[in-house]
Protein chains: 2
Amino acid sequence: MAQTSTRDRIVITAARLLQRQGYVGTGIKQIAREAQATLGSVYHFFPEGKEAVAVAAIKHGDQEFSALLRAALDSEESPSAAVNACARRLAEALRESGWVDGCPITAAALETLGSDSEIQRVCAAALRAWEQLVYDKLLRSGLDAEDAKDLASTIISTLEGAEVTAQVNRSEEPLRAAGRQLARLVGSYDKASNLRDRPSCT
Amino acid sequence: MAQTSTRDRIVITAARLLQRQGYVGTGIKQIAREAQATLGSVYHFFPEGKEAVAVAAIKHGDQEFSALLRAALDSEESPSAAVNACARRLAEALRESGWVDGCPITAAALETLGSDSEIQRVCAAALRAWEQLVYDKLLRSGLDAEDAKDLASTIISTLEGAEVTAQVNRSEEPLRAAGRQLARLVGSYDKASNLRDRPSCT
DNA sequence: CACACTCTAAAACGAACGTTCTAACTAGTA
DNA sequence: TACTAGTTAGAACGTTCGTTTTAGAGTGTG
């Protein structure tokens, strides 16, 4: 962290703080302090002010989360096991952070719902990107396009919600339960085709 | 609203604002203004300050959400249809509010994760209560206790997450998709027993 | 050396924050 | 009328907010 550029330190620190305290709860002076930068540096790199810092930070969090999701999805071949792996990795990361580092965008997204700020748009884009990752995995596994669309949306929603529930309860269990149930749900689409092809049950 | 007591107006207004802007994003002066009360009144009824107002507001939102959930769960006999009804009613209410009135506690819960404030505890209690409502419905429908526990947790998580996704995307679709998938998931537990009892497939 | 450019430092601005305080108004009771 | 308790009104305190401003280092090029 000492050899990273000042700009990177600001973005990374802002991402962590936004994720934990939300947009309004995070001061630009706090970002500067914890990033070991000065207020002048922050406004030098982000002359448009706080919102620009937040947008960059959310994009950073988006990519980090995408990487985690991609790794988990690629770690298992079957889509149901892959989805379960996502939930398990999220649970692990959440516990290790002391239940504070959850979804990088939820808090900021909820606070800026009323306003039509740029923050809204990057959050929406992040959600869409994550859904696309899941969607692609499901398609590669041979699911119907329409089924995959509904499923991918639900999987992201469930992971999102289970993460919040896990944070509030300070427990991995909501995420683990969500992983199990999502695996069962995804598996039910496989089984449907299995049943169709199985000669003993038609 | 004109004939409700000042205290009630404060609580109801605070609940709406907390739900839309979160805890730090909602000022105590704004609460007083929009509740048509004065700052003196607010501190008269809540001498402990902002946090006490928030706790009362969140408890109010909890009960309102519980009522909606209970009504939806009771509107259908089969558990899968009931869960789907929950999602549909949430989608309806969300659209009617212009995508701003989502889950009454998520925003406040996320902001106060680090601190061990009373707000944390009421939010956790609310989540547990909602889960219990779903759990009871599933038990009444004849599911295993262990299955019902996992399922109820996942259902609440999914509704929670789908609501956020729907808000960010300004669309009912995430909630409707979640409702469909949750219905399928719950139905798969029914079908398991159906399959077991069906003579043509053993 | 001088110059331009990037980056950092620190002080200061008005506005809004949560909170406290005192004063006044409105019943109801004697 | 006088007294009390419950409620409202509004000014004021110190602090922090996001932002602006001005000045000063650091570095490579002419």
Side-chain angles (χ1 to χ4, degrees), chain A residues 1-58 107-108 111-112 114-120 122, chain B residues 1-58 107-108 111-112 114-120 122:
Chain A
M1 188 97 161
Q3 56 189 347
T4 55
S5 74
T6 303
R7 207 199 109 104
D8 286 349
R9 285 204 317 275
I10 292 172
V11 171
I12 294 174
T13 305
R16 200 185 61 230
L17 291 176
L18 278 182
Q19 166 178 61
R20 298 182 180 181
Q21 315 174 337
Y23 180 65
V24 275
T26 302
I28 209 167
K29 292 178 183 175
Q30 183 189 16
I31 294 175
R33 203 183 320 125
E34 302 206 10
Q36 311 214 53
T38 62
L39 206 51
S41 304
V42 177
Y43 275 96
H44 170 73
F45 291 110
F46 301 96
E48 308 96 342
K50 185 183 181 182
E51 185 168 324
V53 179
V55 167
I58 289 173
E111 283 174 331
T112 56
S115 64
D116 61 339
S117 66
E118 179 75 12
I119 298 180
Q120 267 299 298
V122 265
Chain B
M1 189 96 160
Q3 55 189 346
T4 53
S5 74
T6 303
R7 206 198 111 104
D8 286 349
R9 284 203 317 273
I10 292 171
V11 171
I12 294 174
T13 304
R16 200 186 60 229
L17 291 176
L18 278 182
Q19 168 178 57
R20 298 180 179 183
Q21 315 174 335
Y23 180 65
V24 275
T26 302
I28 209 167
K29 292 177 183 175
Q30 182 188 17
I31 294 174
R33 203 183 320 125
E34 301 206 10
Q36 311 214 56
T38 62
L39 207 51
S41 303
V42 177
Y43 275 95
H44 170 73
F45 291 109
F46 301 95
E48 308 97 343
K50 185 183 179 180
E51 185 168 324
V53 180
V55 167
I58 289 173
E111 283 175 331
T112 55
S115 64
D116 61 338
S117 67
E118 179 76 12
I119 297 179
Q120 267 298 297
V122 264

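Order of the sequence lines sets the chain letters (A, B, ...), proteins ahead of strands, with each chain counted from 1.
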* Asked: Would you say the side-chain atoms of Glu118(B) pair up with the backbone N or O of Glu51(B), donor to acceptor, closer than 3.5 Å?
  -> no
* To do: Verify, without hydrogens or angle tests, whether Thr112(B) (side chain) and Ser115(B) (backbone) share a donor-acceptor contact under 3.5 angstrom.
  => no
Can you see if the side chain of [X] gets near the phosphate of [N] - specifically, an N or O under 4.0 Å from OP1 or OP2?
{"X": "His44(B)", "N": "dT7(D)", "result": "yes"}
{"X": "Thr6(A)", "N": "dT8(C)", "result": "yes"}
{"X": "Thr38(B)", "N": "dA9(D)", "result": "yes"}
{"X": "Ser41(A)", "N": "dC7(C)", "result": "no"}

* **Interatomic spacing from CD1 in Ile28(B) to CZ in Phe46(B) - rounded to 0.5 Å** => 9.0 Å
* Structure fact -> Contacts of Ser41(A) meeting side-chain hydrogen bond (donor to acceptor under 3.5 Å, both in side chains) (sequence neighbours excluded), chain-then-number -> Thr38(A)
* Not counting sequence neighbours, which residues clear side-chain hydrogen bond (donor to acceptor under 3.5 Å, both in side chains) with Gln21(B)? List them please. => Thr26(B)
* Asked: Is the closest side-chain heavy-atom distance between Val24(B) and Glu111(A) below 4.5 Å?
  -> yes
* For Ile10(B) and dA9(D), give me the distance from atom CD1 to atom P, rounded to whole Å. => 11 Å
* Reading 5' to 3' through nucleotides 14-21 of chain D, protein heavy-atom contacts under 4.0 Å coded B for base, S for sugar-phosphate only, - for none -> ---BBBB-
